[in-house]
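Working notes, structure below.
Numbers restart at 1 for each chain; the letters A, B, ... are given by sequence-line order, proteins then strands.
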There are 2 protein chains.
Amino acid sequence: MTEQTLVKRARLGVSDWIAASMRLLVTEGPAALKISRLTDTLGVTKGSFYWHFADIAALKSALAAQCEAQQRAAADHVRGLRILPATERLGAIVDYVSEPRRWAAEAAVRSWSHTDNSLCSAIAELDRSLHEAIYQAMLDLGFAEEDARTRATMLLYAGIGYLHAAEQSGPPNADTLHRFVALSTAR
Amino acid sequence: MTEQTLVKRARLGVSDWIAASMRLLVTEGPAALKISRLTDTLGVTKGSFYWHFADIAALKSALAAQCEAQQRAAADHVRGLRILPATERLGAIVDYVSEPRRWAAEAAVRSWSHTDNSLCSAIAELDRSLHEAIYQAMLDLGFAEEDARTRATMLLYAGIGYLHAAEQSGPPNADTLHRFVALSTAR
DNA sequence: ACCTGAACACCGTTCAAGT
DNA sequence: ACCTGAACACCGTTCAAGT
């Protein structure tokens, strides 16, 4: 009864569908992303949906794009940190990605990607971007190319693994990630 | 390889359905777990499925139980390696988990767990077991408790992160994991 | 005990027709 | 430009009837 079914707008735009989808995704997870759920909350029929989107994959793509935009912003932010000295830079990257809201969004997208292949490329891109940033920091710290690559790869994967593990065991612990940095940059 | 797809038995048992489900899960992921896919490969109609299982959730539960048994067996195997010297032991753990068939099963179960909470505890148990084994190896190598714990945590998460990343980018590379071992045990 | 075949509900999808 | 309403395909589910 608390739905906005009664607040039926005369006309809907793509952004209305995306917004409703985002709300569903965040509150009930990817499994709730059904056309019928959307038409219920928006107060229209399913035919309406197909005026705005080719199919449900298109809706999910658009939703994913929204998430990707946030991720790109994250990647940009990380790249912007390159003015910092390498050690502080790695610390700043860790602080940034472990910020609770970012962390939650990251976990949600990665979790969603397991049932939606369209998201895989976006995630791969962010991972590549992060790896590049970390690799560069390792180089700046004076490690030889191959050593730097291995250290960067391990640090990145440790972060991703930690994210997946923490997904069901509570909030992130920035301290743990900082220890990973220390270990992966030790001589 | 027992390809019984075309060999239509006169009668099927629960184990036949589970086996076919496991094959589908590992080769095509949880999304392929459809009754119609199973009846196609087993050469029966959907009504047959409902003689053996109450619904598709029951099939998935039974499959999950099978997966959990495998996870437990894996944990036991890792615990059994403790007789080896620490360095060889870590190498043996890496070789064991990166064995292609185990790796594929592991990736499938972890991927599936994102949409099936019943699997989370089994995975957490294996992770705990792996962490304990790796931690013990670090202690045996002479690292102090807290340092050993951090090194073990990072190595474990790097492996998990690598598994998730490799899930969509091809087969595992044991060499990469061995380099992670070298890095996380470096002084 | 195990299976078929027909039926039904649900959801994604299409499209001609309405405003 | 945006939406309705009816149709259809696909998949999970039920069940009476067959061996």
OP1 or OP2 of dA1(C) versus the side-chain N and O atoms of His52(B): is any pair under 4.0 Å?
no
Rounded interatomic separation in angstrom, taking CZ from Phe53(B) and P from dC2(C)
12 Å
Step-by-step side-chain hydrogen bond (donor to acceptor under 3.5 Å, both in side chains) determination, Asp16(A) to His52(A):
CA-CA 10 Å; Asp16(A) 297 305; His52(A) 300 282; over 6 Å; no
Considering residues at least two apart in sequence or located in another chain, which fulfil the side chain to side chain contact (heavy atoms under 4.5 Å, CB included) criterion with Ala65(B)?
none
Mind listing the closest non-hydrogen atom pair of Ala186(B) and Arg151(B) along with its distance?
O-NH1, 2.8 Å
Which part of the nucleic acid does Thr45(B) contact within heavy-atom distance under 4.0 Å: base, sugar-phosphate only, or nothing?
base
Here the ring pair (Phe, Tyr, Trp, His ring centres under 6.0 Å) pairs for residues 82-102 of chain A, sequence neighbours left out, are His77(A)-Tyr96(A)
Starting at atom NZ of Lys60(A), determine the distance to atom C1' of dG12(C), rounded to an integer number of angstrom.
10 Å
Which of Arg72(B), Arg79(B), Gln71(B) passes side-chain hydrogen bond (donor to acceptor under 3.5 Å, both in side chains) with Ser129(B)? It is Arg79(B)
Nucleic acid footprint by protein, nucleotides 13-19 of chain D - heavy-atom cut-off 4.0 Å, B for base, S for sugar-phosphate alone:
BBB----
Start with the C-alpha gap between Asp140(A) and Arg89(A), add the side-chain angles, then the distance that decides, and say whether salt bridge (Lys or Arg N to Asp or Glu O under 4.0 Å) holds.
CA-CA 10 Å; Asp140(A) 292 353; Arg89(A) 196 191 315 159; 2.8 Å; yes
Which pairs count as ring pair (Phe, Tyr, Trp, His ring centres under 6.0 Å) when at least one residue sits in residues 121-146 of chain B, sequence neighbours excluded?
none
CG of Leu33(A) versus P of dC11(C): gap in Å, rounded?
14 Å
Roughly how many Å is it from CG in Asp16(A) to C1' in dC3(D), rounded to a whole number?
14 Å
Given dC2(C), dC2(D), dG5(C), identify the nucleotide with an atom nearest to the side chain of Trp51(B).
dC2(C)
Residues passing the side chain to side chain contact (heavy atoms under 4.5 Å, CB included) test with Glu99(B), sequence neighbours excluded, are Arg101(B), Arg102(B)
For DNA chain C, the dot-bracket notation using Watson-Crick and G-U wobble pairs below 3.5 Å, [ ] for pseudoknot-type crossings and | for other-strand pairs, is ||.|||||...|||||.||
